Amino acid sequence: MNAKPFLVIPVVSVFCLGLLAGCASPKHPIAQNPKPPVSLEPPPAVVKTNRLVIHADQPGAEISRNIYGQFSEHLGHCIYGGLWVGEDSPIPNTRGIRNDVVAALKKIQVPVVRWPGGCFADEYHWMDGIGTPTNRPSMINTTWGGVVENNHFGTHEFMDFCGQIGAAPYICGNVGSGTVQEMMEWVEYLTSDADSPMANLRRQNGREQPWKVPYFAVGNESWGCGGNMTAEFCADNFSRYNTFVKDYPGNHIYRVASGGLESDYHWTEVLMKQNADGLKHGGQAMNGYSLHYYTLPTSNWSHKGSATKFDEAEWFNTFRHTLVMDELVTKHSAIMDKYDPQKKVGLIVDEWGAWYDVEPGTNPGFLYQQNTLRDALVAGVTLNIFNNHADRVKMANIAQMINVLQAMILTDNEKMTVTPSYWVFEMDTVHHDATLLPSELQSVDYAFGDKTIPAVSASASRDRAGKIHVTLCNLNPNQSIEVPCELQGAKAQKISGRVLTAPEMSAHNTFDQPDNVKPTEFNAFKVTDNGFVTTLPAKSVVVLEVN
Ligand code: AHR
């Protein structure tokens, strides 16, 4: 497939700028010291002064199931080979979509899938991806390896995939190189039931009924690969394109605008000021505002670090960077509050996850990386952050679903394995659409060199059946940690739990050993007078159910 030289360098350099800008704020501790000095001395003894208070008598926001969403881009083997093999493949499939992948994704109840990009979205022309597959024109995927994209996976195939796994589609429209008309016609093709040109074209292509498309992004990363715009130009462009993203009878679209670089707060001001109340300006509202943030262990886009071969310094720095997500969400939310105090506009973190150097010997433009216990903790901590900000974070999409970056699933031809990150999504399904229980956490430090981070992360919710679930992560790879938990307004009677951990920081699943890292039963807890106390194993994600 690949005929062209690798073309990802310009994108990577934009990312470099992104990270520098993102972490360059003088206030940010990581920015001041991008390469923290590390010590190989053993960390200081952990002092047991943890305390978690869960306010079960103070219900918070609903945790949208969409926080547990996924992202699948035409990049490397996410689509081709990952979820799509074509009907003629010897790999068992349904209308070209892998059965093993569908079964695995159904188990984690994927609520929403973002597609077709990413950077790819702003060079994608949807009309090339409909009709008889062999008649579809090809294109060059200039961002991701310069490979030739044959467009065999297009609109119908994506909507079929969403149907097979039971997820809602979240389509990203082309603002960077596409026209307003093209975007308008895609929405008509997808969602109109009229006797109209695009709806009839869809019928000709075998789909009588319109689909439901609940989520639509008006462009991706408009500050960079999506068109190198200024915030002001993006805000105007959003208003213009979004005006023609129509709600046809029976379908209501939640419209998402592109955010700026991760800590570009000016961009958020501009977009919110102009578009938060679209109706006031005679246009369609901006329902969601997008934020992207990736965790790099080293802060260096040229040498991000290996996915599997790392020491404790890289482990520690990975979490220092992961925890920045809380600051980003807090600060963007504060700006959004100014223009939207009722929190009608959702913060949509539609790209997040760990980004390492590609696995040796693989195409650098395909972003294929292994996934270890470290990634499971990146997922556990980040999902706790999103849960705790459920009043503003209404969707998040981990990058990416299969074979790319922090993937749920890895495939190699007919082989498939799920990753440690997958298991965190599986364990955390208990929080989908549950009510957040506000909590206060006092955590001991995890110290490395002269730096510290909180060792414990937590979030809690109550589901519709009244059960309380608590996800706790222990980032310290060397020591177990006891966490006393006070439950206010509820009494713990019966507790059960599951844990994800492994002897090595870099433990991971392979095609030959797919069960190296998977959840097991957990019972290191006991009920106390005012709640419970639990002991979290070193480097673990624990989910407790409290009845
Ligand atoms: O997820 C990989 C890439 O990272 C996406 O295409 C782009 O939007 C982002 O910067």
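The structure presented is a predicted model; accordingly, all values stated were derived computationally and were not measured. These numbers come from the heavy atoms of this one structure, side chains and all, not from hydrogens, waters or symmetry mates. Just so you know, ligand 1 is whichever comes first in the structure, and atom 1 is the first atom listed for that ligand. For this chain, numbers begin at 1 and follow the sequence in order.
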Where on W144 is there a heavy atom closer than 4.0 Å to ligand 1, on the side chain, on the backbone, on both, or on neither? side chain

Would you mind checking if K273 and D340 are paired as a salt bridge, meaning a charged N to carboxylate O distance below 4.0 Å? no

Out of all atoms in ligand 1, which are within 4.0 Å of some heavy atom of C119? Include the element for each. 5 (C), 6 (O), 7 (C), 8 (O)

Looking only at non-hydrogen atoms, which of E73, H292, E351, H74 approaches atom 4 (O) of ligand 1 most closely? E351

Can you check whether W355 has an N/O within less than 3.5 Å of an N/O in ligand 1? no

Please work out, at 4.0 Å between heavy atoms, whether the side chain, the backbone, both, or neither of L405 comes within that distance of ligand 1. side chain

Would you call D128 and R136 a salt bridge, taking side-chain N to carboxylate O under 4.0 Å as the test? no

Give, for atom CD of Q109 and atom NZ of K106, the distance between the pair rounded to the nearest 0.5 Å. 11.5 Å

Once ring-ring contact (aromatic ring centres under 6.0 Å, His included) is applied, do any residues pair with Y241, and if so which ones, sequence neighbours excluded? none

Under a 3.5 Å distance rule, please check whether E221 uses its side chain to pair with a backbone N or O of G118 as donor and acceptor. no

Those atoms of ligand 1 less than 4.0 Å from some heavy atom in F71: 1 (O)

Should you measure from each heavy atom of N220, which atoms of ligand 1 turn up under 4.0 Å away? 8 (O)

Numbered in order shown, the ligand 1 atoms found under 4.0 Å of a heavy atom of Q400 are 1 (O), 2 (C)

So is A399 polar-close to ligand 1, meaning N/O to N/O under 3.5 Å? no

What atoms of ligand 1 come closer than 4.0 angstrom to any heavy atom of G118? 5 (C), 6 (O), 8 (O)

With heavy atoms of E221 as the reference, note each atom of ligand 1 found under 4.0 Å away. 7 (C), 8 (O), 9 (C), 10 (O)

Tell me the salt bridge (Lys or Arg N to Asp or Glu O under 4.0 Å) pairs involving residues 398-422, sequence neighbours left out? none

When you measure from the centre of the six-membered ring of F310, is the NZ or CZ of R374 under 6.0 Å away and within 45° of the axis? yes

Side chain or backbone, does Y294 bring an N or O within less than 3.5 Å of an N or O on ligand 1? yes

Lys/Arg-Asp/Glu bridge criterion (N-O < 4.0 Å) met for K539, E504: no

